Amino acid sequence: MRHPELARALETAAADLGADAVEAKLERPAVLEHGDLATNLAMVLAGRLNRKPRDLAQNLIERLDLGSLDVESAEIAGPGFINFTLSRDYLRRRVRDIADANRDYGRADWGEGKAVNVEFVSANPTGPLHVGHGRGAALGDAIARLLEWTGHRVQREFYVNDAGAQIENLVESVHARCRQLSGQDAEVPEGGYHGEYVTELARELQNVHGERLDGPWGPEEQREVRDFVLERMQAEQRDDMRAFRVEFDEFRTESSVYGSGQIDATIADLDQRGLLYEREGARWLGTSSFGDDKDRVLVKSDGSYTYFLPDIAYHRDKALRGFNTAIDVWGADHHGYVPRMKAAIEALGLGTDFFEAVIVQLVRVERGGEEVKFSKRAGEFVTLRDLIDEVGTDVTRYFFLERGSQQQMVFDLDLAKERSEKNPVYKVQYAHARLRSVYRRGGIDPNKIEHDVDLTPIVEPAAFEMIKTLLDFPEVVEAAAQNREPHRVVAYLEELANQLNSWYHAGTRDESLRVLGQEPSVTAARLTLARAAEIVLRNGLEILGIEAPEQM
RNA sequence: GCGCCUGUAGCUCAGUUGGAUAGAGCGUCGGCCUCCGGAGCCGAAGGUCACAGGUUCGAAUCCUGUCAGGCGCGCCA
């Protein structure tokens, strides 16, 4: 909960006592008895001013005009905390602010319109997306949403590695299946793709081309099949992403980087900066002067490029396109790649803040306590499509977003399929639906709920606890956006849902605590609070890309 | 061998950027509700924050070391 006036007053008081340019931090104490807000300012200043913290706290308090700051009491506690209890009227007023802000509550403008490119998923077009991609997709999209909520201009981007050897590998695998389908002896090559979908591709090709593809393939056939396979796989991945409620603004292909002359431009750029050198017939980039373990090859001795070079060119292009920041969501197996990319970015003179990598750890899927390893269609892994089909987009996104991305996670299918409040997704969605249903039962149009009503009928301590949680929302959004950590929003929503549900359930035991059927003034006040809670639940779910249902 | 990530309740995970008495869900146990079952409601038990030092008014959080797990260390992509 923010209280800028109080924070400023504390800073002024600190300056009066001889400590200027300090920032007064206010936080919600963990225990009720410690009031509504607390500051450790006196303890922070004690060392600097060489004074006793508790005395300092006393001096600070004396310099505050408590009444005008809506502070009812300010108490010194423990080693030197100052615990503030705010007037109930202040809290009630701020409920009204939430209802007024409505869909904008939680939004901020500190992003100052900066352009951020968020690149995620970026799967090879060689097969269906798997659960790991799903986690990256949920994370990348939620980060994008968080940045949008905090005043950034965001582009969601998917990098398609359509030029690598893996495509040829898939084409060879399809070739083998084609021959098998026509009754010939053929083996999927070593390290090839074995999933059922490869056979599907072969079958489709046969339907189109008949027997033409049964024999050996010349360059013509190779190219045709390659194009076909690329298009099919990309289309499928796009469909999966759409089903997962992720819309990319841009699919950038590796081949377009090759075709645009940016490789040469990148080489020239680095060369001009004197960071390239030749050794053993290869061209190296001196990444080790920018924090990398060792220098890296860009052009191999046979004249071909390493994977690294087009990747640098691609990221350089992000800067040329005008982005202030490029965030990449990468799987944990690529984390070792981060230092060299950061080094390359710095070598290009783009600074240390332009590029950011968010690492997402592995997902293990379990059913009945046992790991689920394979999907029928993909063979070696569980596909995202399997998860969506089985438990739905909302649940899948929520589960992926619930944990810190650096945390390896277990996806518990049994819990995910549970359609009760045991399942945290439903608990949060129920909380929202419940409030919508209160409006329906009361024949109330939520958009016409009067905010400017007398809120003094709100007196229950539980209600004020919930109000304080509602007031925390903008700070949670800010911290989540700054740290690229959507899971903070999830944890917050679960806490809010718990409070809301228990506020609501109190009415099933004691009718006088219900929203509807009270004195008109009481119902009106509680409706405004309900509205504020509904708004926060809805806005929070929107940040996660999860639906806020009218009813369950 | 080196680097990065992780280690918190039986399980899955949070922990307000160093704050006060470490939290939630699942599971377990008790009560309520229910024809039964499920769901739901109320409550309880459950902790050497991997371990050992250090930094300071204060450490799950920062530093050092150890242990355990994951990942990565190509002129592969």
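The shown structure was predicted, so the numbers you read here are calculated from the model rather than taken from an experiment. The sequence lines fix the lettering, A, B, ..., with proteins before strands; numbering per chain opens at 1.
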With heavy atoms under 4.0 Å as the rule, sort [X] into base, sugar-phosphate or nothing.
X: A:A282; result: base
X: A:R364; result: nothing
X: A:K52; result: nothing
X: A:G404; result: sugar-phosphate
X: A:E475; result: nothing
X: A:A479; result: nothing
X: A:P79; result: base
X: A:A38; result: base
X: A:E495; result: nothing

[X] (side chain) and [N] (base): donor-acceptor pair under 3.5 Å:
X: A:N169; N: B:A77; value: no
X: A:S301; N: B:C75; value: yes
X: A:N40; N: B:G19; value: yes
X: A:H335; N: B:C5; value: no

Base-pairing assignment for [N] (Watson-Crick or G-U wobble, both under 3.5 Å):
N: B:A68; result: B:U6
N: B:G19; result: B:C57
N: B:A45; result: none
N: B:C11; result: B:G25
N: B:C35; result: none

Worksheet entry | Polar side chain donor-acceptor pair, A:Y430 to A:Q551, under 3.5 angstrom | no
Practice prompt. Indicate whether the side chain of A:D394 and that of A:Q429 have a donor and an acceptor atom separated by less than 3.5 Å.
Written response: yes
Between [N] atom [atom2] and [X] atom [atom1], what is the distance in whole Å?
X: A:L26; N: B:U17; atom1: CG; atom2: P; answer: 12 Å
X: A:Y337; N: B:C73; atom1: OH; atom2: C1'; answer: 14 Å
X: A:Q166; N: B:A77; atom1: CD; atom2: P; answer: 9 Å
X: A:D414; N: B:C11; atom1: CG; atom2: C1'; answer: 13 Å
X: A:I359; N: B:C73; atom1: CD1; atom2: P; answer: 13 Å
X: A:Q407; N: B:G69; atom1: CD; atom2: P; answer: 17 Å
X: A:E23; N: B:U17; atom1: CD; atom2: C1'; answer: 12 Å
X: A:N498; N: B:A14; atom1: CG; atom2: P; answer: 17 Å

For atom [atom1], what is the distance between [N] and [M], given to the nearest Å?
N: B:U12; M: B:G46; atom1: C1'; value: 16 Å
N: B:U28; M: B:A45; atom1: C1'; value: 9 Å
N: B:G10; M: B:G31; atom1: C1'; value: 23 Å
N: B:C42; M: B:C35; atom1: C1'; value: 24 Å
N: B:U21; M: B:C49; atom1: C1'; value: 15 Å
N: B:C67; M: B:C32; atom1: C1'; value: 48 Å
N: B:A20; M: B:A60; atom1: P; value: 9 Å
N: B:C2; M: B:G27; atom1: P; value: 44 Å

Worksheet item: Within the side chain of A:R514, is there an N or O that forms a donor-acceptor pair under 3.5 Å with the backbone of A:G507?
Response: yes
Worksheet item: Run the side-chain hydrogen bond (donor to acceptor under 3.5 Å, both in side chains) check on A:R252 and A:Y314 step by step: do they pass?
Response: CA-CA 9 Å; A:R252 206 77 169 182; A:Y314 168 52; over 6 Å; no
Worksheet entry | Stacking of A:H34 on B:A20 base (centres under 5.5 Å, planes under 30°) | yes
Worksheet item: Is the aromatic ring of A:F81 within stacking range of B:G19, meaning centres under 5.5 angstrom and planes under 30 degrees?
Response: no
Fill in: Geometric class of the A:Y258/A:Y305 ring pair [parallel <30°, tilted 30-60°, perpendicular >60°]
parallel
For [Y] together with [X], are the ring centres under 6.0 Å from each other?
X: A:H34; Y: A:F81; value: no
X: A:Y90; Y: A:H3; value: yes
X: A:F411; Y: A:F400; value: yes

Discussion item. From C-beta outward on A:H487, which listed nucleotide comes closest to its side chain: B:A77, B:A14, B:C41?
Written reply: B:A14
Worksheet, complete the sentence: chi for B:U17 classified (syn = within 90 degrees of 0, anti otherwise) as syn
